Amino acid sequence: MIKTYLKNKLPREFYKKDVLTIAKNILGKLLVKIDKENQIVCKIVEVEAYDGIDDEASHSFKGMTNRNKVMFGRAGFLYVYFTYGIHFCANVVTGEEGTGAAVLLRALEPIIGWDVLAMNRYKRKVISEKDKIGLTNGPGKICQALDINRKDNGIDLTEDNIFIANVKNENISVCQSTRIGIKKSVDLPWRFYIKHNPYVSKK
DNA sequence: ATTCCGATTGCCT
DNA sequence: GGCAATCGGAATG
């Protein structure tokens, strides 16, 4: 089971492409986290692209700082930042080194590891359908559910215990829209999501 | 040193 | 729909 995911782990080359291409292509693939106690597998169903060139909403727009330096590093690493004094958000670094482009993970659909996700989010196991959806239907919720935080900023998605696995026969209809929760570059249509998926945020 | 404010969430009306 | 919570990075003095 886990062997299969490991075998299908996306290689560095996948992440070196253009951020918009990767944002589209990453939908339907599996975010996997494996450690001694737990195995978590979730389908990626909603993402947004951020690119420091023309994108004023991107953390990388004004150049490299101590906070955003991972974004300017090699593709295939995880950029995790703290926001609103409460939440973490996770991004996949893309493109050539120095580009400052990344894909924000906005929503996941749990496949394996429901109890761990629920304990991390609610301190109890899931009971209702509403609880299930609330598990991973937002960028901050994802990080809480998978216990992704400061310690994971800068981890390598091709080497460490969090990675993305390819899936065969992806039968997905990808939708596109403007991004959520930003005040700059609001018209760039750089949000991508899987149609009719209950974990995707409404807009 | 101080101020501003955010790639969010959850609770309240 | 509105809005408070709560922290730290970045800008400004």
Side-chain angles (χ1 to χ4, degrees), chain A residues 15 18-20 22-24 26-27 31 42 44-73 75 77-95 99-110 117-124 126-155 157 162 164 175-194 198-203:
Chain A
Y15 299 103
D18 167 74
V19 67
L20 293 177
I22 294 170
K24 278 175 266 191
I26 211 170
L27 289 172
L31 182 64
C42 300
I44 299 169
V45 298
E46 180 187 356
V47 299
E48 285 175 358
Y50 287 86
D51 185 345
I53 308 299
D54 298 313
D55 181 5
E56 292 187 74
S58 175
H59 288 178
S60 59
F61 184 71
K62 290 178 179 170
M64 186 158 54
T65 66
N66 192 54
R67 181 203 200 193
N68 67 18
K69 60 188 175 192
V70 173
M71 256 187 108
F72 288 92
F77 282 69
L78 198 68
Y79 168 47
V80 180
Y81 67 86
F82 184 61
T83 192
Y84 291 104
I86 309 175
H87 306 291
F88 291 95
C89 292
N91 303 255
V92 175
V93 178
T94 68
T99 316
V103 175
L104 169 70
L105 302 176
R106 286 198 58 92
L108 308 174
E109 176 185 330
L117 298 169
M119 288 304 289
N120 288 340
R121 283 272 298 134
Y122 307 127
K123 304 296 172 207
R124 58 178 169 77
V126 162
I127 301 168
S128 68
E129 284 302 310
K130 198 180 166 191
D131 284 345
K132 279 191 183 181
I133 301 302
L135 230 35
T136 49
N137 65 344
K141 296 176 185 180
I142 289 174
C143 288
Q144 190 183 12
L146 302 220
D147 189 33
I148 291 171
N149 48 57
R150 240 178 277 286
K151 76 183 184 314
D152 301 297
N153 186 37
I155 68 162
L157 294 170
I162 301 176
I164 300 173
C175 302
Q176 184 169 6
S177 80
T178 54
R179 297 171 296 180
I180 293 175
I182 53 171
K183 293 203 171 81
K184 301 168 190 167
S185 298
V186 292
D187 293 327
L188 293 175
W190 287 2
R191 171 174 174 256
F192 301 91
Y193 58 97
I194 294 178
Y199 290 88
V200 173
S201 42
K202 297 183 174 61
K203 190 155 181 237

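Protein chains get the first letters and strands the later ones, always in sequence-line order, with residue 1 at the start of each. Predicted model only: the values in this text are computed from it and were never measured. Both backbone and side-chain heavy atoms feed into the values below; hydrogens, waters and symmetry mates do not.
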Is_stacked (A:Tyr50, B:dA7) at 5.5 Å, 30 deg: yes
Between [X] ([atom1]) and [N] ([atom2]), how many Å, whole number?
{"X": "A:Phe61", "N": "B:dC5", "atom1": "CZ", "atom2": "C1'", "value": "18 Å"}
{"X": "A:His59", "N": "B:dT8", "atom1": "NE2", "atom2": "C1'", "value": "12 Å"}
{"X": "A:Glu56", "N": "B:dC5", "atom1": "CD", "atom2": "P", "value": "16 Å"}
{"X": "A:Trp190", "N": "B:dA7", "atom1": "CH2", "atom2": "C1'", "value": "13 Å"}
{"X": "A:Lys130", "N": "B:dG10", "atom1": "NZ", "atom2": "P", "value": "10 Å"}
{"X": "A:Lys202", "N": "B:dT9", "atom1": "NZ", "atom2": "C1'", "value": "15 Å"}
{"X": "A:Phe88", "N": "B:dT9", "atom1": "CZ", "atom2": "P", "value": "13 Å"}
{"X": "A:Lys183", "N": "B:dT8", "atom1": "NZ", "atom2": "C1'", "value": "12 Å"}

Sugar-phosphate, base or nothing in reach of A:Arg106, heavy atoms under 4.0 Å: sugar-phosphate
Touch class at under 4.0 angstrom, heavy-atom based, for A:Arg191 against every strand present: nothing
Using modelled atom types and a 3.5 Å cut-off, is there a donor and acceptor pairing between side-chain atoms of [X] and backbone atoms of [Y]?
{"X": "A:Glu109", "Y": "A:Val45", "result": "no"}
{"X": "A:Gln176", "Y": "A:Pro189", "result": "yes"}
{"X": "A:Arg121", "Y": "A:Thr136", "result": "no"}
{"X": "A:Asp55", "Y": "A:Gly52", "result": "no"}

Spacing of CD1 belonging to A:Ile26 relative to CD1 belonging to A:Ile44, to within rounding of 0.5 Å: 4.5 Å
Base-pairing string, 5' to 3', of DNA chain B - Watson-Crick or wobble, under 3.5 Å, | interstrand: ||||||.|||||.
Contacts of A:Phe88 that satisfy ring-ring contact (aromatic ring centres under 6.0 Å, His included) - sequence neighbours left out: A:Phe82
Span that lies between the C1' atom of B:dA7 and that of C:dG1, in whole angstrom: 22 Å
Is the shortest side-chain heavy-atom distance between [X] and [Y] below 4.5 Å?
{"X": "A:Val47", "Y": "A:Leu27", "result": "yes"}
{"X": "A:Cys89", "Y": "A:His59", "result": "no"}
{"X": "A:Leu20", "Y": "A:Phe192", "result": "yes"}

First encountered from the 5' end of DNA chain B, between A:Gly134 and A:Val103: A:Val103
Residue whose nearest DNA chain B nucleotide is more 5′ - A:Tyr122 or A:Ala57: A:Ala57
Summary of protein contacts for nucleotides 5-10 of chain C, nucleotide by nucleotide, where a base hit scores B, a sugar-phosphate-only hit scores S (4.0 Å, heavy atoms): BBBSSS
